[in-house]
Amino acid sequence: MASPPRARVRFAPSPTGYLHVGGARTALFNWLFAKHIGGDFLLRIEDTDQTRYDEKALVELVADLKWLGLNWVEGPEVGGPHAPYFQSQRLPLYQEHARKLVDGGHAYPCFCTTERLDQLRETQKRNNLPTSYDRLCRNIPAEAARQRVAAGEKHTVRLKVPFHGDTVFKDFLRGTITYQNRILDDLVLLKTDLFPTYHLANVVDDHYMEITHVLRGDEWIPSTPRHVLLYQAFGWEPPTFVHLPVILGPDGGKLSKRKGAASVGDYRNLGYLPETLINFLALLGWNPGGDEEYMERDRLVEVFSLEKINPKSAVFDEKKLEWLNGQYFLRRDVDYFFPLVKPLWVATGVDGNAFPESYFRTAIGLLKDRSKRLPDFITYGMYFFREPDTYDEKAARKYFGPGSETLLQNLHDSVAALPHFQTADLEALYKETAEKLAVKGGDLIHPTRLAISGIPFGPGLFELMMALGKDTVLRRLNAAAQAVRSGQIRTAVTV
RNA sequence: GGUGUGUUCGUCUAGUGGUUAGGACGCUGCCCUCUCACGGCGGAAGCAGGGGUUCAACUCCCCUACGCACUACCA
């Protein structure tokens with residue numbers, strides 16, 4: 001028995017917009033499958049729509065895939081034995097194949113205008129009839145058609161779909177799917193502008209690029225019988241089809257920018273890590289069969305399998321994504337975060353040179369375990385670089401009430417008098433003071449935290465004081481005492 | 001309208017004829033604790049409905065309902 005051919009899969013996006021998470025998931029499954037079985041993952045750009053083509057979308061698409069770490073062995077930038085990988089650069093190939101089909105009697109030129117087609121469709125719709133091309137030009141004698149084409153008359157090329165019988169194919173996840181040929185119409189293969197439609201280009205390329213498994217969105221299921229018919233007309237063996245379920249928004253509808261985030265870029269901007277997105281997307285419609293959820297890239301590659309893909313569409317749950325991101329924050333170290341987070345602070349106005357690198361690192365170390373997204377470092381960590389100009393409203397009401405002025409002043413004085421500004425000494429000081437005043441430690445700790453950070457939560461107080469340094473702590477304690485004294489406490493609601 | 005596809009807690013899912021239907025997010029009670037996170041121990045919450053098949057159905061079959069997709073010279 002001959003050994004099966006090397007598995008080859010591809011992600012074939014159309015550069016007409018941003019990379020949607022659904023598209024990213026499709027790319028991911030292709031990539032995981034290839035990596036898992038030691039096959040090839042290629043990237044092919046399906047830029048056959050002249051009107052919707054968007055250069056910027058293409059650049060972003062490639063950047064997003066790279067950011068996710070979904071590297072391809074053949075495709076744009078890396079080339080390969082089947083180059084070019086842009087369909088717009090392969091036009092002669094499609095035209096030649098369209099001609100071949102016409103010559104072989106599998107396709108025919110169609111001279112119908114868009115207007116006629118629109119009108120036809122409208123009439124059919126109005127009469128509650130299925131919309132489909134009425135095959136008018138299929139009746140034109142071959143010779144007459146050839147002459148009109150030769151004369152330069154504008155036309156498309158349509159596939160001759162059989163009038164009777166069924167077209168059957170197997171979807172890897174759903175089993176046998178049957179379509180009656182009579183409900184399939186004669187699809188356009190080559191457009192008036194001589195560009196191929198998706199159907200032609202896709203089938204031709206998948207064949208010549210030796211694609212063995214087509215993993216794509218399940219919106220392609222209804223087109224698959226037409227593709228199968230095309231494979232048959234060419235006398236080619238179709239690949240294995242694996243139609244992936246769609247990803248839905250929280251409302252069960254399409255995931256859209258209007259309702260929040262939808263693209264890979266959106267989630268990157270929200271402060272999610274690429275590994276989080278990879279892990280999360282992998283779990284949307286697939287699982288290893290057990291309870292494992294936190295899986296690094298290598299682990300996913302190791303356990304991924306087509307069989308465990310769930311054909312049911314899944315809702316994108318951002319809450320769970322956030323939780324997962326937090327799990328990654330817990331496990332990644334300061335070195336990992338430093339280059340990601342420092343620029344964020346700098347972008348908000350922090351002078352990157354005014355603080356030593358070690359200070360940034362200390363702040364990151366103190367903040368990362370309680371953060372869930374990158375912007376949390378800003379939201380809950382600005383006080384490392386700036387005096388708190390406001391105090392959390394609720395906390396201020398609780399800790400900066402009448403009489404707290406004396407307490408803050410006492411705290412300031414005793415910290416100032418401390419011979420060694422060390423975590424242990426600070427802790428001992430607060431314990432002593434609490435006993436002396438006959439109050440709980442928290443009654444001292446919370447006002448202090450609020451005074452030095454402006455917010456009622458964050459790292460352990462003594463570590464935080466150490467990180468900020470004695471001068472800063474004293475200055476802020478003093479400022480808070482003054483604010484209380486003057487009755488001018490500026491507050492803000494912390495998000 | 002036609003065609004196709006899907007349906008286990010709110011959400012992601014495990015489950016392949018006999019289970020107290022398991023886990024995770026979220027919600028929630030308690031614990032840990034200087035706060036917030038983290039973590040630990042609990043709790044509420046589910047097999048869309050109806051027919052079959054079978055000694056036995058979440059699991060197999062049929063029907064209905066509902067969701068989604070396609071129905072372009074877009075992909």
Side-chain angles (χ1 to χ4, degrees), chain A residues 12-17 46-49 51-52 110 112-114 117-118 121 124-125 127-133 154-158 171 173-174 177-180 183-185 187-193 195-199 201-202 216-225 243 245-246 248 250 252-254 280 283-294 308 310-324 326-327 329-330 367-372 376 380 395 427 430 434 440-446 448-450 453 455-462 464:
Chain A
S14 179
T16 54
E46 311 225 325
D47 52 350
T48 56
D49 187 341
T51 57
R52 294 200 310 155
C110 172
C112 292
T113 60
T114 309
L117 262 18
D118 287 346
R121 206 162 18 242
Q124 288 166 335
K125 233 172 208 162
N127 296 322
N128 262 343
L129 289 165
T131 55
S132 72
Y133 177 53
K154 282 232 181 289
H155 66 280
T156 60
V157 172
R158 286 181 184 271
D171 176 82
L173 302 175
R174 289 159 252 258
I177 296 177
T178 304
Y179 277 84
Q180 295 183 296
I183 64 130
L184 266 25
D185 64 354
L187 66 150
V188 171
L189 264 19
L190 207 61
K191 309 178 215 173
T192 311
D193 62 4
F195 270 65
T197 57
Y198 168 88
H199 310 289
N202 193 265
R216 64 190 356 170
D218 68 7
E219 70 269 23
W220 291 109
I221 290 177
S223 296
T224 306
H243 289 101
V246 295
L248 309 171
K254 264 190 189 155
F280 185 74
L283 254 16
L284 233 44
W286 173 87
N287 76 87
D291 294 338
E292 206 178 348
E293 293 202 300
Y294 170 84
K308 303 299 282 184
N310 192 157
K312 167 197 168 195
S313 50
V315 171
F316 193 97
D317 181 5
E318 204 161 323
K319 276 276 197 271
K320 190 157 185 174
L321 177 71
E322 196 172 69
W323 165 80
L324 228 206
Q327 292 296 308
F329 273 39
L330 245 24
L367 293 167
K368 81 172 185 67
D369 288 358
R370 32 181 60 79
S371 298
K372 292 235 197 315
D376 288 351
Y380 306 123
E427 195 162 355
Y430 270 69
K440 285 187 291 185
D443 294 335
L444 270 29
I445 288 169
H446 300 313
T448 305
R449 174 190 304 288
L450 187 61
S453 76
I455 54 178
F457 37 72
L461 183 70
F462 308 115
L464 179 58

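Note on naming: letters A, B, ... go to the chains in the order of the sequence lines (proteins, then strands), and numbering restarts at 1 for each one. These values consider heavy atoms only, across backbone and side chains, with no hydrogens, waters or symmetry-generated copies.
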Which nucleotide in the list U3(B), C34(B), C74(B) gets nearest to the side chain of Phe462(A)? C34(B)

Quantified in whole Å, what is the P atom distance between nucleotide C61(B) and nucleotide G17(B)? 12 Å

In Watson-Crick or G-U wobble terms, both distances under 3.5 Å, what is the partner of G67(B)? U5(B)

Sugar-phosphate only, base, or nothing, as touched by Pro13(A) at under 4.0 Å among non-hydrogen atoms: nothing

Pick base, sugar-phosphate or nothing for Gly441(A), based on heavy-atom distances below 4.0 Å to the nucleic acid. nothing

Among the nucleotides C34(B), U5(B), C73(B), whichever has the atom closest to the side chain of Thr197(A) is C73(B)

G22(B) versus G15(B) - spacing of their C1' atoms, nearest Å: 8 Å

In whole Å, what separates the P atom of A44(B) from that of A21(B)? 14 Å

Of C73(B), A75(B), U5(B), the nucleotide closest to the side chain of Arg174(A) is U5(B)

Taking only N/O atoms, report every protein-nucleotides 8-17 of chain B pair under 3.5 Å with atom names and distance.
{"residue": "U8(B)", "atom": "OP2", "partner": "Lys312(A)", "partner atom": "NZ", "Å": "3.0"}
{"residue": "C12(B)", "atom": "OP1", "partner": "Val315(A)", "partner atom": "N", "Å": "3.0"}
{"residue": "C12(B)", "atom": "O2'", "partner": "Leu283(A)", "partner atom": "O", "Å": "3.3"}
{"residue": "U13(B)", "atom": "OP1", "partner": "Gly285(A)", "partner atom": "N", "Å": "2.5"}
{"residue": "U13(B)", "atom": "O3'", "partner": "Asn287(A)", "partner atom": "ND2", "Å": "2.8"}
{"residue": "A14(B)", "atom": "OP1", "partner": "Asn287(A)", "partner atom": "ND2", "Å": "2.7"}
{"residue": "G15(B)", "atom": "OP1", "partner": "Lys308(A)", "partner atom": "NZ", "Å": "3.1"}

Would you mind classifying the nucleic acid contact of Leu184(A) as base, sugar-phosphate or nothing, using non-hydrogen atoms under 4.0 angstrom? nothing

Considering only side-chain heavy atoms of Val246(A), which listed nucleotide, C68(B), U35(B), C73(B), is closest? C68(B)

With rounding to the closest Å, how many angstrom separate the P atoms on U16(B) and G23(B)? 16 Å

Rounded distance (Å) that lies between atom C1' of G1(B) and atom CD of Gln124(A): 11 Å

Taking the C1' atom in each of G46(B) and C12(B), what is the distance between them to the nearest angstrom? 13 Å

Sticking with atom C1', work out how far C62(B) lies from A57(B), rounded to a whole angstrom. 15 Å

Should the side chain of Arg370(A) and the base of C38(B) be counted as holding a donor-acceptor pair, with the cut-off at 3.5 Å? no

Rounded to whole angstrom, note down the C1' distance from U19(B) over to G10(B). 24 Å

Is Lys125(A) touching bases, backbone alone, or none of the nucleic acid, heavy atoms closer than 4.0 Å? nothing

Could you tell me how far C47(B) sits from U28(B) if I compare only their P atoms? Round to whole Å. 24 Å

What's Gly458(A) touching, base or sugar-phosphate or nothing? Going by heavy atoms closer than 4.0 Å. base

Using a 4.0 Å heavy-atom cut-off, does Lys440(A) contact any base of the nucleic acid, only the sugar-phosphate backbone, or nothing at all? nothing

Enclosure of Lys191(A) NZ (heavy-atom neighbours >12, cutoff 6.0 Å): yes

